[in-house]
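Below you'll find the structure, written out as C-alpha cells, and then a few comments.
All chains are named by letter (A, B, ...) in the order of the sequence lines, taking the proteins before the strands, and each is independently numbered beginning at 1.
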Amino acid sequence: MLPFPGPSSSMEYRHDVDVEELCPVCGDKVSGYHYGLLTCESCKGFFKRTVQNNKKYICAENQECRIDKTQRKRCPFCRFQKCLHVGMRLEAVRADRMRGGRNKFGPMYKRDRALKQQRKALIQASGFRIESSPPVVSSAHQRDFTCTGGLHPDPIFSTIPLTTAQNDRISYQPPSLCTLLPSNSPGATQYQCTSFSNWTIKSEHTNICTSSPRSAAGIYIDSDKVYSRPFSPHGPRMPQLVMEFVRCDTDELQLQNKITARLQQEQSSWEKHRNLSTFGLMCLMADQTLFFIVEWARRSIFFKQLKVTDQMKLLHSCWSELLLLDIISRQVLNSKEDSVLLVTGQEVELSAIASHASPTLASLVQRGQELVERLTILKVDREELACIKFLLLFNPDVKQLEDHPFIERVQEQAEGALLEYTLCTSSQYLGRFSQLLLCLSELRSLSTLAEDYLYCKHLSGEVPCNNLLIEMLHAKHSWA
DNA sequence: CTAGCCTTGATC
DNA sequence: GATCAAGGCTAG
C-alpha cells in the first residue's frame with residue numbers, strides 16, 4: 001500500500017526570488033505593477049494607449065469576448081473592459097505625461113508585495129509539499145495498446161453498440177477526448193465584463209494609500225487589493241480567483257438531469273446486447289460524469305488558454321482524481337452517513353455495498369468514507385472544493401507539457417487563492433489550509449488505487465467499453 | 001495597433 | 001546608487 005507518494009514525485013514550493021504570476025487581464029506573464037496591479041507588459045501598454053489617447057472601441061460581438069494571451073488583440077473594447085474590471089486605475093495614467101518617478105500607488109504596491117511575501121513565508125513555514133500522483137508501476141498498466149483510426153463524431157450521443165473488453169483490446173478506439181476538447185462553442189463561457197457605463201472608480205480607491213493598514217487573524221491583508229469583489233458587492237469578501245473558480249463549476253442539478261437522461265439512453269442501447277451489471281452501470285455513470293468533467297475543464301479559466309495537447313495531457317493525468325473528488329464532494333455536501341449519493345440523485349446503502357464488494361473494493365470504499373468524514377469535519381465548502389479541482393487539474397508534474405511554466409503558475413495561483421480563502425474564512429487559518437492539502441494527498445493516493453482497481457476490472461471484461469472511461473484508463477500509460 | 005525594449009526620475 | 005513604475009520608441 002502506498003499511502004503517500006514518494007519524495008521524487010512531490011512538488012515543493014520553490015523559493016524563487018520573483019514569484020511568477022499571471023496577468024489578470026490576459027494570463028500572460030506579469031512584468032510588474034502597472035496602473036494599480038500586477039499585469040503583463042502588453043496590457044500595460046494597451047491600457048496606457050487607450051487612456052492617453054482617449055480611445056473609444058466598439059465590440060463586434062456581445063461585449064463579452066474572451067480575453068486571453070492569444071485573443072487579446074481581437075477585441076480592444078472587451079480588453080479595456082477587463083482591464084477596468086480587474087482593477088487597473090485610470091488615474092495612474094498621467095495627464096501631464098511626466099516620465100519617471102513614483103506615484104501615489106507606490107505604497108500600495110509595497111504593501112501588496114509585503115502581503116505576497118508574507119503568504120509565501122507562511123506556506124514555507126508550514127512545510128507543505130503538494131503531493132502528486134506517483135508514477136503508476138502496476139504491471140497491469142505496462143501493456144502496450146495500439147490505437148487504430150476511426151473517431152466518433154459525437155461521443156456523448158454515440159449509439160454505437162458497446163463491445164466486450166476482449167474486442168476492445170484488439171481494436172481500441174483512439175482518444176475521443178481529443179474530439180471533445182477543441183473549443184467549438186465560442187461565447188458559451190466567456191469572462192463576464194461589466195459594461196463601462198456601470199463601472200465607477202470609487203473615491204475610496206484613491207485614498208487607499210493613506211488609509212491605515214488592516215489586519216485579519218494576525219495576517220496583514222490589503223483587502224482592497226486582494227479581495228475586490230465585482231461580482232457580488234454585498235457578499236463576504238473573498239479572493240477573486242476563488243470566485244472565478246466557483247463560477248466555472250458545473251451546476252449539480254443540471255448535471256444530475258443530463259446524466260440521468262444519458263444513462264437511460266446508454267442503458268437501453270446496452271441492454272439490446274446483454275444485461276448490464278450494477279458495476280457496469282456505475283462505470284457508465286462514471287463515464288458520463290467524465291464527459292462533464294471534460295466540459296468543466298474546457299470552459300474553465302486558464303485551461304481554455306492551453307493548447308489541446310496540454311489539455312489532454314492534464315486531463316489524462318488527473319481524471320480519476322477529479323472523478324473521485326466529484327463523488328466525494330457529493331457525499332460531503334449532501335451528507336447522509338449510511339448511504340452513498342450517486343450523481344443521478346439515487347442513494348445506495350453503504351451496508352449493501354459492503355456486503356457485495358470484494359475486499360479491494362470494500363477497502364477503497366472504506367478509505368473513501370474516511371476521507372468524506374475528514375472533509376465533513378472540516379466543513380469543506382464549495383469554494384475550497386473549486387480550488388482543489390484546479391489544484392488537481394493544473395498538475396505541473398505531468399510530463400512533457402508544452403506550456404509547463406504557465407501550468408506551474410496557475411498551480412501557484414490556485415494554491416495562493418485557497419490559502420487566502422482559508423485565512424479569510426477560518427480562525428485556525430494555516431491549520432485549515434494544511435488539513436485541506438493533506439486531504440488532497442489522500443485523494444490522489446486513493447484515486448491511484450481506484451484506477452488500478454478499475455483497470456483490473458477492465459481487463460477482466462467487466463467495464464463497458466468504447467467510452468471515455470476506457471480511454472482514460474488506457475491513456476495515462478500510453479503517454480508514458 | 002501591438003508589444004517588447006528603452007529612458008526617465010522620485011523614492012528608498 | 002539601486003529600484004521600478006511611469007512614459008517613449010519602434011519593428012513588425
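Contacts of A/Arg74 with the nucleic acid, taken as non-hydrogen atoms under 4.0 Å apart, are absent. Nucleic acid contact for A/Lys110: none, since no nucleic acid atom lies under 4.0 Å from a heavy atom of the residue.
Between A/Glu252 and A/Arg330 there is a salt bridge, since at least one side-chain N of the basic residue sits less than 4.0 Å from a carboxylate O of the acidic one. Checked for salt-bridge contact, A/Glu384 and A/Arg432 meet the test: a charged N lies under 4.0 Å from a carboxylate O.
Heavy-atom contacts from other residues, nucleotides or ligands closer than 6.0 Å to CD of A/Glu61 number 12 or fewer. Other residues, nucleotides and ligands contribute over 12 non-hydrogen atoms within 6.0 Å of the CZ atom of A/Arg94.
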Measure all distances between protein nitrogen or oxygen atoms and nitrogen or oxygen atoms of nucleotides 8-11 of chain C, and list the pairs falling under 3.5 Å.
residue: C/dG8; atom: N7; partner: A/Lys48; partner atom: NZ; Å: 2.6

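The side chain of A/Ala92 has C/dA6 as its nearest neighbour among C/dA6, C/dG7, C/dT3.
Rounded to an integer number of Å, the gap from A/Tyr35 OH to C/dA5 P is 12 Å. Note: CZ (A/Phe105) to P (C/dA5) measures 13 Å, nearest angstrom. Atom pair A/Phe46:CZ and C/dG7:C1' shows a separation of 17 Å (rounding to whole Å applied). Here the P atom of nucleotide C/dA6 and the CZ atom of A/Phe47 are 10 Å apart, to the nearest Å.
Counting only heavy atoms from C-beta outward, the side chains of A/Phe80 and A/Phe47 approach each other to under 4.5 Å.
Taking only side-chain nitrogens and oxygens, A/Tyr33 never comes nearer than 4.0 Å to OP1 or OP2 of C/dT3. Contact between the side-chain N/O atoms of A/Asn103 and the OP1/OP2 oxygens of C/dA6 is found at a separation under 4.0 Å.
Of the options A/Arg409, A/Lys44, A/Arg72, a salt bridge (Lys or Arg N to Asp or Glu O under 4.0 Å) to A/Asp28 is made by A/Arg72 and by none of the others.
Of all nucleotides in DNA chain B having an atom under 4.0 Å from a heavy atom of chain A, the first and last in 5' to 3' order are B/dC1 to B/dT11.
Side chain to side chain, A/Arg299 and A/Thr250 meet the donor-acceptor criterion of an N or O pair below 3.5 Å. With 3.5 Å as the limit, one finds a donor-acceptor pair spanning the side chains of A/Thr50 and A/Tyr57.
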Quiz item: For A/Arg66 and A/Asp68, what are the C-alpha separation, side-chain angles and deciding distance, and is it a salt bridge (charged side-chain N to carboxylate O under 4.0 Å, His left out)?
Solution: CA-CA 6 Å; A/Arg66 187 171 106 195; A/Asp68 59 32; 3.0 Å; yes

